[in-house]
Amino acid sequence: MTMGTGVVLFVIGAILAFAINVQTAFISLNTAGYILMIAGVIVFIVGLALAIRGRRTVTTTSAAGAGEPVAVANRTTRVSGPEDF
């Protein structure tokens, strides 16, 4: 989701910087476009790093022996990478 947001920010920034030629007194659309493009690249790189890193969930199950009170704890390990998306 973050990579898509980065692409959208970059595209909106490119439209503001290169396609719109409107003069406003309070903001430069070219500068705003460049700022959005830079923010889009940063968001895309962060999303890419998070996707490559993957997710890790750990669950372990253990039970007490015979005659002892039963205590159960669950623990599972699952490592996912970009191929799981």
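These values consider heavy atoms only, across backbone and side chains, with no hydrogens, waters or symmetry-generated copies.
- Considering all non-hydrogen atoms of both residues, Met37 and Ala17 come closest at SD-CB, 4.3 Å.
- For the atom pair CD1 (Ile35) and CG (Leu16), the distance works out to 10.5 Å, reported to the nearest 0.5 Å.
- Residues Tyr34 and Ile20 do not share a hydrophobic cluster, defined by chaining ILVMFWY side chains whose heavy atoms lie under 4.5 Å apart.
- The same ILVMFWY cluster, assembled from side-chain heavy atoms under 4.5 Å apart, contains both Phe44 and Val8.
- Side-chain contact check for Leu9 versus Val43: some heavy-atom pair is nearer than 4.5 Å.
- Between the CG atom of Leu50 and the CD1 atom of Ile45 there is a distance of 12.0 Å, given to the nearest 0.5 Å.
- Between Leu36 and Phe10, the closest side-chain pair of non-hydrogen atoms is not below 4.5 Å.
- In this structure the side chain of Val46 never reaches within 4.5 angstrom of the side chain of Thr2, judged on heavy atoms.
- Side-chain contact between Leu48 and Met3: present, with at least one pair of heavy atoms (C-beta onward) separated by less than 4.5 Å.
- Residues Phe18 and Val22 are members of separate hydrophobic clusters, defined by side-chain heavy-atom contacts under 4.5 angstrom among Ile, Leu, Val, Met, Phe, Trp and Tyr.
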